[in-house]
Amino acid sequence: MSPRKNRRAVSGKPPQGSGGGGWAQRTEDGPDGEWIVRSIAGAGATKAYRCPGCDQEIPPGIPHVVAWPADERGGADDRRHWHRPCWQARARRAPRVQRSRNAPRY
């Protein structure tokens, strides 16, 4: 008996929502516009990323989300990796302001 051949998805990507690729994609509307959001499972997270919400590292193997603008201005360079709670709380966060040491806090 010959070994079973592996079948690949037509587009070269794993099917959405499957456990094999570790991601599921959806579109979300928010106060900051429409976003394409992809959930990444821990098994699919193979690199470390910096979360723009909390400015902390997302180590490999940690489930998280990847988001980018849904309109034509959003591309591969606009994708950002977020912790799930940071992504859900983005509307409640104040923008991170980098201040110099002696700058006033108002």
Side-chain angles (χ1 to χ4, degrees):
M1 186 152 124
S2 64
R4 188 175 130 206
K5 294 182 180 181
N6 290 332
R7 295 184 183 147
R8 296 183 185 258
V10 175
S11 65
K13 295 181 192 173
Q16 290 185 4
S18 74
W23 56 268
Q25 186 170 305
R26 65 191 177 279
T27 303
E28 289 185 14
D29 285 325
D32 51 353
E34 189 175 7
W35 295 86
I36 298 173
V37 181
R38 183 178 292 173
S39 294
I40 305 293
T46 58
K47 291 173 43 179
Y49 296 98
R50 177 80 47 190
C51 175
C54 64
D55 201 32
Q56 298 294 314
E57 184 177 288
I58 304 170
I62 301 297
H64 61 279
V65 298
V66 180
W68 64 95
D71 60 5
E72 65 277 351
R73 66 184 168 90
D77 293 340
D78 297 319
R79 290 186 297 201
R80 297 292 175 260
H81 295 253
W82 296 70
H83 292 108
R84 285 185 181 144
C86 294
W87 174 252
Q88 293 167 346
R90 74 188 186 284
R92 297 187 304 261
R93 287 185 189 268
R96 275 189 78 89
V97 177
Q98 302 261 337
R99 295 185 180 96
S100 66
R101 180 170 284 228
N102 297 322
R105 293 189 173 256
Y106 53 83

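The analysis underlying the following values was restricted to heavy atoms, covering all of them including side chains, and did not include hydrogens, waters or symmetry mates.
A heavy-atom distance below 4.5 Å is found between the side chains of His83 and Gln56. Put simply, the side chain of Arg80 does not reach to within 4.5 Å of the side chain of Tyr49, judged on heavy atoms. Annotation: side chain of Arg84 is in contact with side chain of Ser39 (closest heavy-atom distance under 4.5 Å). Using a 4.5 Å heavy-atom threshold, the side chains of Ile36 and Gln25 count as touching.
Here the shortest heavy-atom pairing between Ile62 and Ala45 reads O-CB, 3.6 Å. Arg79 approaches Val66 most closely through the heavy-atom pair CB-CG1, 3.9 Å.
Between Trp35 and Trp87, the ring planes are perpendicular. Angles over 60° get that label, and only those under 30° would be called parallel.
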Worksheet item: Does the pair Gln88 and Trp82 meet the rule for a side-chain contact (heavy atoms from CB on, under 4.5 Å), with working shown?
Response: CA-CA 9 Å; Gln88 293 167 346; Trp82 296 70; over 6 Å; no

